[in-house]
Amino acid sequence: MNSIEIILFIVAVVGVIALGIWKSRDEVTSGETGASDYFLAGRGLTWWLVGFSLIAANISTEQFVGMSGSSANWLGMAIASYEWIAAVTLVFVAFWFLPRFLKAGLYTIPEFLEYRFNGVARLAMAIPAIITLVFVATSSVIYSGAKFISEYYNDVPVLNSLTAMCWLIAIFSALYVFVGGLKACAWTDLIWGAALILGGVVVLWFAMTELGERPASELIQTKVINSTATVQDLEKAGAWERLMLLNDGKDGEAVVSDGANLSGGKMHMVRPKEDSDIPWTALLIGLWIPNLFYWGLNQYIVQRTLGSKSLAEGQKGIVFAAFLKLIIPFVVVIPGILAFNLFSKDLNEGAIKGNKELLATHGVSALYKVDVDYVKLYPAEAAKVLETNAKILGGEVSIPADATPELAAQVINDLANSGVEKDKALVPVGMLKGYDYDSAFPVLVRNLIKPYPLISWFVLAALCGAVISSLASMLNSASTIATMDLYAKFTGVTDSARLVFLGRVFVVIFVILAALVAPALSNFSSIFSYIQEFQGFISPGILTVFIFGFFSPKTPRWFGVVGIVTNIIAYAAFKWLIGPWIVANELWYASEIAFLDRMAICFFIVIIIGIVITILKPLAKPVVLPVNDQIELTTSFGAKIVGGIVVVLTIALYAVFW
């Protein structure tokens, strides 16, 4: 451990947090404006605070760990769709969602549902929102932050413990938000947002430099199988050309393929319709659903825009964030691809360590699942896993001699998953992996940046500061919903001091729950997929309900609850019942229905139900929403121009990486 690095790192993190708390010193937690000051920064955020705060809240180690891990695996550049489609989504949110929210003077997004539908609809969104924020968003950021630190300091006691780091990060984040509220979050986000992007650029520069200098004979081992590049080609090439030769081929001949890592090109945005994560069909509808929900209806994100001093300031801030989103894949996704090209051995060693810990905890006589890389790298061990699983379940299953690694992994995992049908206690204890892809970005930083303490402290502080800042924002949002949508709603309490006190109590409760869940996320093959899969249960239904709330004033009030509940039931059915039946009867074009396609299906089901209900049972009198006359609601013309430029640039980027 380098003392210079540690000292500079601590000074930076503590200094920025102190700045945020100092900037929030004028908050009044009592009186008429107390709750507004604590939960919405007094509704006084300017566009640059809103913009950087949106980015810092969104791009934490959740992205640097999860998204880089997905790009290191088979998805490659395709995972960037979450960023580039988000840029267009933000433009839409700025001019369609935000005006309606600010006009109503909302504290929380569920509050809108009570105004437009009823109190039950508000509750139906508030409870899942809290569950998602605490057990999905907050726990995953705690996990990814702890994952980064434990991988970075993998030879330092305590710091190399995933569980210990989960609790340390949780405690520091809770202390921070407990004191400062949203205003402290916004000011620290300003620093961390800029530092994150700059830190990502630093890592990218070091990685590209290393790629240009690494022996071609080593790099060729990480080439996708349908690239015709040779060692001689790599020796003649510069860094960027090497990246393309390894992952796209000499003349772009390495097309994408539905299969394990290295089975096809990794520099393309459009993947086969059979892809389990981001099929091209999802780009049409499915991917827009979580994006619109996340950026337009997610309290953790939208709370920053609700704190804008005016509609124009909020719109300028959102469009500024949209422009920054176009940059993110170059500092998050491409470094993930580079991590596999440069340090696949380290990713393998990380998986071996994780597998040993899993086996040491549960023993060899337990049900395990495996990923495709594990089967490819360790076919004999994979066969033993199948044998053990079959023995536990009292049956005999064999893998055909000519089976592909994908088929072999499917056979093993299907058998492991079938145990719960016989006995609810027979649940797979975890997954054995060939590569620890979630460690891709930490491995890059550890190998390339750590030797330079005068630089590494900055990257480390930016990433860890972003974790603390994101967690503080999530906890603040969860406590806002719990306080305003649940406690204040049911008790009728309006005293600001009491509401702020309860908000702080909820912060403590939620951070403890999230820290308990976080270490268990290491059992998921991809933290990013875990987050997105869970969103499928709530985002299509809530998005549909808001669409009807915005654009259909005669839709009955009771549709709010019907739409949300219908989506939960439909998504669960397509995930565990209808979907598997459709695939088993060869009525689908892939081996499974991708979660983004499930989102699209459920979205259209709820849309159809909403249309039918509106036609059959329209309201006699359109709903009139409340109007907040305390905020300037003039639209920003300049933001419209920049928003148009962002849309054009997004189309251009898709054309380049198609």
Side-chain angles (χ1 to χ4, degrees), residues 57-67 69-70 79 82 86 108-110 124-148 162 166-167 169-170 173-174 177 277 286-287 289-303 431 438 466-482 485-486 506-507 509-543 564 567-568 571-572 575-576 595-596 598-599 602:
N58 168 242
I59 303 297
S60 180
T61 47
E62 173 191 347
Q63 262 69 28
F64 277 98
V65 170
M67 192 170 285
S70 294
I79 197 70
Y82 280 100
T108 69
I109 299 303
M125 180 180 181
I127 293 176
I130 292 173
I131 293 172
T132 303
L133 278 169
V134 175
F135 294 105
V136 180
T138 303
S139 61
S140 63
V141 171
I142 290 174
Y143 163 77
S144 58
K147 180 77 173 178
F148 176 83
L162 181 68
C166 283
W167 281 102
I169 288 172
S173 302
V177 70
D277 276 32
L287 196 54
I289 296 170
N291 264 290
L292 283 167
F293 174 81
Y294 181 88
W295 291 104
L297 305 175
N298 181 1
Q299 180 72 25
Y300 150 57
I301 292 295
V302 181
Q303 190 156 340
M431 177 173 287
D438 279 345
V467 171
I468 295 172
S469 185
S470 291
L471 285 175
S473 301
M474 291 174 180
L475 291 169
N476 181 254
S477 297
S479 69
T480 301
I481 295 175
D485 290 315
L486 300 182
F506 281 125
V507 166
I509 295 172
F510 292 156
V511 79
I512 291 173
L513 293 173
L516 288 171
V517 171
L521 300 186
S522 61
N523 290 328
F524 287 84
S525 59
S526 168
I527 185 64
F528 198 76
S529 295
Y530 160 76
I531 297 167
Q532 300 303 328
E533 177 76 68
F534 190 90
Q535 293 286 359
F537 287 95
I538 59 173
S539 56
I542 291 175
L543 176 61
I564 294 172
N567 178 78
I568 294 173
Y571 192 86
K575 179 173 174 59
W576 289 304
F595 69 90
L596 289 171
R598 285 198 294 271
M599 284 189 185
C602 294

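The model shown is predicted, which means the values in this text are computed figures rather than measured ones.
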Asker: If I take atom CD1 from residue I542 and atom CD from residue Q535, how far apart are they, to the nearest 0.5 angstrom?
Answerer: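 So the CD1 of I542 and the CD of Q535 are separated by 9.0 Å.
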Asker: Got a sec, which residues hit ring-ring contact (aromatic ring centres under 6.0 Å, His included) with F506, two or more places apart in sequence or on another chain?
Answerer: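 F506: ring-ring contact (aromatic ring centres under 6.0 Å, His included) contacts with F510.
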Asker: What is the distance from atom CG of L471 to atom OG1 of T138, rounded to the nearest 0.5 Å?
Answerer: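 Those atoms lie 6.0 Å apart.
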Asker: Hey, what do you get for CG (L297) to CG (L543), rounding to the nearest 0.5 Å?
Answerer: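 Output value for this atom pair is 6.0 Å.
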Asker: Taking all non-hydrogen atoms of both residues, which atom of A86 and which atom of W295 are closest, and how far apart?
Answerer: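 Reported closest heavy-atom pair: CB-NE1, 3.3 Å.
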Asker: Starting at CD1 of I538, measure out to CD1 of I564 and round the result to the nearest 0.5 Å.
Answerer: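 Between I538 CD1 and I564 CD1, I get 9.5 Å after rounding to 0.5 Å.
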Asker: Quick one: list whatever passes side-chain hydrogen bond (donor to acceptor under 3.5 Å, both in side chains) with N298, sequence neighbours left out.
Answerer: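 Not a single residue meets the side-chain hydrogen bond (donor to acceptor under 3.5 Å, both in side chains) criterion with N298.
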Asker: What's the shortest heavy-atom distance between L516 and W167, and which atoms?
Answerer: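 Reported closest heavy-atom pair: CD2-CZ2, 3.5 Å.
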Asker: At their closest point, which heavy atom of A518 faces which heavy atom of C166, and how far apart are they?
Answerer: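 Scanning both residues, the minimum pair turns out to be CB-SG, 3.8 Å.
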Asker: Does S470 use its side chain to pair, donor to acceptor, with the backbone of V467 at less than 3.5 Å?
Answerer: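 Checking the backbone N and O of V467 against the side chain of S470, no donor-acceptor pair under 3.5 Å is found.
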Asker: Roughly how far, to the nearest 0.5 Å, is OH of Y82 from CG of L287?
Answerer: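 One finds 5.5 Å between CG of L287 and OH of Y82.
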Asker: Give the C-alpha distance, both sets of side-chain angles, the deciding distance and a yes or no for side chain to side chain contact (heavy atoms under 4.5 Å, CB included) between I130 and D485.
Answerer: CA-CA 10 Å; I130 292 173; D485 290 315; over 6 Å; no
Asker: Show the nearest heavy-atom pair for residues V141 and M474, with the distance to one decimal.
Answerer: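 Where V141 meets M474 most closely, the heavy atoms are CG2-CE, 3.4 Å.
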Asker: Can a side-chain donor-acceptor contact be found between T480 and Q299 if the only test is distance below 3.5 angstrom?
Answerer: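 Per modelled atom types, Q299 and T480 side chains form no pair under 3.5 Å.
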Asker: To the nearest 0.5 Å, what is the distance between CD1 (I481) and CD1 (I127)?
Answerer: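 Between atom CD1 of I481 and atom CD1 of I127 there are 11.0 Å.
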Asker: Please find the pair of heavy atoms, one from V517 and one from F135, that lie closest to each other, and give the distance.
Answerer: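 The answer is CG2-CD2, 3.5 Å.
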Asker: Closest heavy-atom contact between I142 and A514?
Answerer: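 Answer, listing the atom of I142 first, then A514: CD1-CB, 3.9 Å.
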Asker: Between S173 (side chain only) and A472 (backbone N and O only), is there a donor and an acceptor less than 3.5 Å apart?
Answerer: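 Checked: no pair found.
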